[in-house]
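Model, not experiment: these values are computed from the prediction. When reading the values below, keep in mind they use all heavy atoms of this one structure, side chains included, and skip hydrogens, waters and symmetry mates. Reminder, nothing fancy here: chain letters follow the sequence lines and each chain counts from 1.
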Number of protein chains: 2
Amino acid sequence: MTDSQPDLRERTRRAVQKEIAEAAHALFVERGYEETTVGDIAAAVGMSQRSVFRYFPTKEDLIVGKFDLVADDMLRVLRERPAGEPVWESMRRTFDLLVPYVDAPGRRQVAEPMQRIVFSTPTLLAGYLQKLQLLQDAADTALRERAAAAGAPYRAGDPTPRAIIGAAFACLLAAQHAWLADGAEGTFAAAIDRAMTTVTPVTDMR
Amino acid sequence: MTDSQPDLRERTRRAVQKEIAEAAHALFVERGYEETTVGDIAAAVGMSQRSVFRYFPTKEDLIVGKFDLVADDMLRVLRERPAGEPVWESMRRTFDLLVPYVDAPGRRQVAEPMQRIVFSTPTLLAGYLQKLQLLQDAADTALRERAAAAGAPYRAGDPTPRAIIGAAFACLLAAQHAWLADGAEGTFAAAIDRAMTTVTPVTDMR
DNA sequence: GTCGAACTTGACATCGACTGACAAGTTCGA
DNA sequence: TCGAACTTGTCAGTCGATGTCAAGTTCGAC
């Protein structure tokens, strides 16, 4: 058993948060993201606009907010990968954490429209890309530490780790595009595998 | 001779635009991007806030606006690359268009602080990444057309072109980071070359 | 049970980016 | 020189986001 009762307050907070997010998603799908006002969302759940911002720091977070938590987990997974493992493989295993959010039973119905909204709304796409970039920054630090600990540190101005990490994330994005282009048939995991075999690091170990 | 006098109105417009941008840059460097109001910029050049928005659609464009024009040129260069050329090489040659903006004599003094501002300001970074993404979308289309014209089209759901293009842009970003991390010593062109040798497409021709 | 601290909420005000509308002035060519 | 086209400032308004304050509401110590 994990933490069963993480405080009543926290539980109701999560519940309200979920309610807001779901109302927002419904409106976004119905009218579009830009066309939906935070006031509209507030009205839909019967609270003030001010209160919506008490649960979500920005309107963007109503859609891409949960990603921050996943990103933390991904970073943890990456750090726990064995030091001798090829970087490309470490990245692939890190992306595994994303898979259940899409491939788990019943998940596709939610994930597909969300991804379509993100990729078709400029400001949301920008926000998403920025979050990916932050994660890449952290991954870069992690891999440099790992290399240093293994006695083969990268020079500060060596583009290698960032380039490899960036290429891996580019494959992730290509996988998302391909998955959507194919009408979300097949598993997301397979899409990632396919994308990550089209590109490869030149020397993948340290 | 190119177009020597593209209309007086257009010339003065460009001049005013440049004046606004330079005033903005000065303020951004001095106080930071978020801390500078569009009203401040307007006051600095002695016009109304409304008029600044007549020359630049958004505050972001005061910094990353010129990139749109360069992106058009890059796309044109990419399309003019020979059909049989390896994609990775085509991308590298496309990036050549960026080089003079940084490596040309006297350019570094301007380019370096700008890049630092972009990479350290979340909203600017997001905007920049989104513009790169748009360019990648267009490049994806271009390369698919090129492959189709050569009699070896990609399947709609094939992640290959996007993955390779994305990897190339990841190297570009890694090059920028590395260049900045090294204090902008050396040429940007060399930084790109270094980054683009760390990763490579698996099969690079169609 | 009760009381006070901690938390939550709505209401109001403000800021900054941005947009529409209008009126006044400037420029340019027929 | 006259009128169309363009530019500008001003004003008002929208929307996302933040600070403040005065109600409640909840929760634990007593």
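- Within a 6.0 Å radius of CZ in B/Arg13, other residues, nucleotides and ligands contribute more than 12 heavy atoms.
- Here the CG-CE distance, from B/Leu143 to B/Met91, works out to 7.0 Å after rounding to the nearest 0.5 Å.
- Spacing between atom CD of A/Gln17 and atom P of C/dC7 amounts to 17 Å, rounded to whole angstrom units.
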I'd like a list of close polar pairs between nucleotides 8-10 of chain D and the protein, N/O only, cut-off under 3.5 Å.
unit_1: D/dT8; atom_1: OP1; unit_2: B/Tyr55; atom_2: OH; d: 3.0
unit_1: D/dT8; atom_1: OP2; unit_2: B/Tyr55; atom_2: OH; d: 3.1
unit_1: D/dG9; atom_1: OP2; unit_2: B/Ser48; atom_2: N; d: 3.4
unit_1: D/dG9; atom_1: OP2; unit_2: B/Ser48; atom_2: OG; d: 3.1
unit_1: D/dG9; atom_1: OP2; unit_2: B/Ser51; atom_2: OG; d: 2.3
unit_1: D/dG9; atom_1: N7; unit_2: B/Arg54; atom_2: NH1; d: 3.1
unit_1: D/dG9; atom_1: O6; unit_2: B/Arg54; atom_2: NH2; d: 2.7

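- Computed from coordinates, the A/Phe53 CZ to C/dC15 C1' distance equals 13 Å when rounded to whole Å.
- Judged by the 6.0 Å distance and 45° axis criteria, B/Lys59 is positioned over the aromatic ring of B/Tyr33.
- Between atom CG of residue B/Asp103 and atom CG of residue B/Leu98 there is a gap of 10.5 Å, rounded to the nearest 0.5 Å.
- Side chains of A/Arg146 and A/Ser90: a donor-acceptor N/O pair is present below 3.5 angstrom, by distance only.
- Stem analysis of DNA chain C (at least three stacked-register Watson-Crick or G-U pairs, each with both distances under 3.5 Å) gives C:1-30 with D:1-30.
- A side-chain donor-acceptor contact under 3.5 Å links B/Thr187 to the backbone of B/Ala190.
- In this structure, B/Tyr101 has its ring center at least 6.0 angstrom away from the ring center of B/Phe188.
- Residues from residues 33-44 of chain A placing a heavy atom under 4.0 Å of any atom in DNA chain D, listed by number, are A/Thr36, A/Thr37, A/Val38.
- A/Asp61 has its CG atom 10 Å from the P atom of D/dT18, to the nearest Å.
- At most 12 heavy atoms of other shown residues, nucleotides or ligands fall within 6.0 angstrom of atom CZ in A/Arg14.
- Under the 4.5 Å side-chain criterion, counting only non-hydrogen atoms from C-beta, B/Leu78 is not in contact with B/Met74.
- Taking the six-membered ring for Trp and thresholds of 30 and 60 degrees, A/His177 and A/Phe119 have ring planes inclined between 30 and 60 degrees apart.
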